[in-house]
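When reading the values below, keep in mind they use all heavy atoms of this one structure, side chains included, and skip hydrogens, waters and symmetry mates. Remember, it's 1-based here, ligands and their atoms both numbered in the order they're listed.
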Amino acid sequence: MPSQILDNALGGVGHTPLIRLDKIAKANDLKCNLLGKVEFMSAGGSVKDRIAKAMVEAAERDGKLIAGKSVVIEPTSGNTGIGLAMACAIKGYSVIITLPNKMSLEKEALLRALGAEVIRTPTEAAWDSPESHIGVANRLQREIPYGIILDQYRNLNNPLAHELTTGPEIIEAVVSTPSTSSRPSTEKVDVMVAGAGTGGTVTGIARAIKKTHNAECTVVAIDPKGSILAQPENLNTANNGEAYIVEGIGYDFVPDVLDRSEVDTWIKTADEESFSAVQALMRSEGLLVGGSSGSALAGALKFLKSDAGKDIANTPGKNVVVLLPDGIRNYMSKPWFLKIAMESEPSPLAHTISKILQTK
Ligand code: PMP
């Protein structure tokens, strides 16, 4: 985080830490370094703050936004909306967010707290139907004076924001942490793992790493079971169209900003493995991450146990970076969170406590 006085909260977007996940690495017998890029520490609480800021600033440069008049309309799974609502609260634009029903109440409350209008849409509506979050946003934009959709699915500033900020931050952290005998490092990003929703995150980071740092880096993208983003196609067929609970990753169409030629390997993840990975990140690493962070970690571990990943897993010093997109703030009331939070092994401490409390 910059150490001078910031003009406003947008100065606190990005600049997130890269944190060692040593206990999870040890529990999974990994010799490589497992590193988490912790995006909930950004000002609006997610990796999507970066693209919201970039899309708004680019539209301002192009003269497309007028303070006091423009109405920014965006279909989102919530986090892009929160970033946009934050930027627009600061800059004086109105905001309407269209949000599929499955997305958490916490996201809606945060959006409303930032002054946005929120319209819920049926989760099961196909992306190109008039009822979907995308369809409703388009209908509103046609009718509302000064309505503008910045369009994270097609806006080149989405992947570009990650190519210019997220990727370089990861590279800088890895390059500037020297290898030591107790903590060997190739001083390169050897594997990059990220989930795909719009695909902007994985595309932009992959471009930054491959163009400027390590052309040999293996880029692993995570797609939930039920979504169709993964390649080869047969990875998707078994669960095509099935509902899943994890928010923010997966789609029923391939967004323009997702460049699948940047991805070396796709891994599919199920809700259950994502949520137990969230529990591990909380209980062993103290990181209060959201559901798709669990998917990214679960996918990374599956890759490292596969034939394609096991040599990397067994090589001390190899750096495997996992992008953790948002925090548990967005999901505190979700049954899956309450379950993993409250679940506990019978512990000697619980026994001691009840003995103490029973004695007069
Ligand atoms: N996780 C969460 C929680 C998200 O909100 C998003 C954004 N949809 C992603 C992952 C995926 O990011 P991207 O859209 O850049 O693929």
message: One thing to verify: whether Glu39 and Arg50 come together as a salt bridge, which I'm taking to mean a side-chain N less than 4.0 angstrom from a carboxylate O.
response: yes

Which pairs of donor and acceptor atoms, one on a side chain in residues 315-328, lie under 3.5 Å apart (sequence neighbours left out)?
| residue | atom | partner | partner atom | Å |
| --- | --- | --- | --- | --- |
| Thr315 | OG1 | Asp311 | O | 2.5 |
| Asn319 | OD1 | Asn33 | ND2 | 2.9 |
| Asn319 | ND2 | Ser185 | OG | 3.1 |
| Asn319 | ND2 | Thr186 | OG1 | 3.4 |
| Asn319 | ND2 | Lys188 | O | 2.9 |
| Asp326 | OD2 | Asn79 | ND2 | 3.0 |
| Asp326 | OD2 | Asn330 | ND2 | 2.9 |
| Asp326 | OD2 | Tyr331 | OH | 2.6 |

Give a yes or no on whether a salt bridge exists between Arg112 and Glu108, defined as a side-chain N under 4.0 angstrom from a carboxylate O.
yes

Taken to the nearest 0.5 Å, the spacing of Ile24 CD1 from Leu301 CG works out to 7.5 Å

For residues 274-310, the ring pair (Phe, Tyr, Trp, His ring centres under 6.0 Å) pairs (sequence neighbours left out) are Phe275-Trp336

Near ligand 1 (heavy atom, under 4.0 angstrom), the protein residues are Lys48, Ser77, Asn79, Gly195, Ala196, Gly197, Thr198, Gly199, Gly200, Thr201, Glu247, Gly248, Ile249, Ser292, Pro325, Asp326, Tyr331

Here the side-chain hydrogen bond (donor to acceptor under 3.5 Å, both in side chains) pairs for residues 268-295, sequence neighbours left out, are Asp223-Lys268, Asn236-Lys268, Glu273-Lys302, Ser274-Ser295, Gln279-Glu343

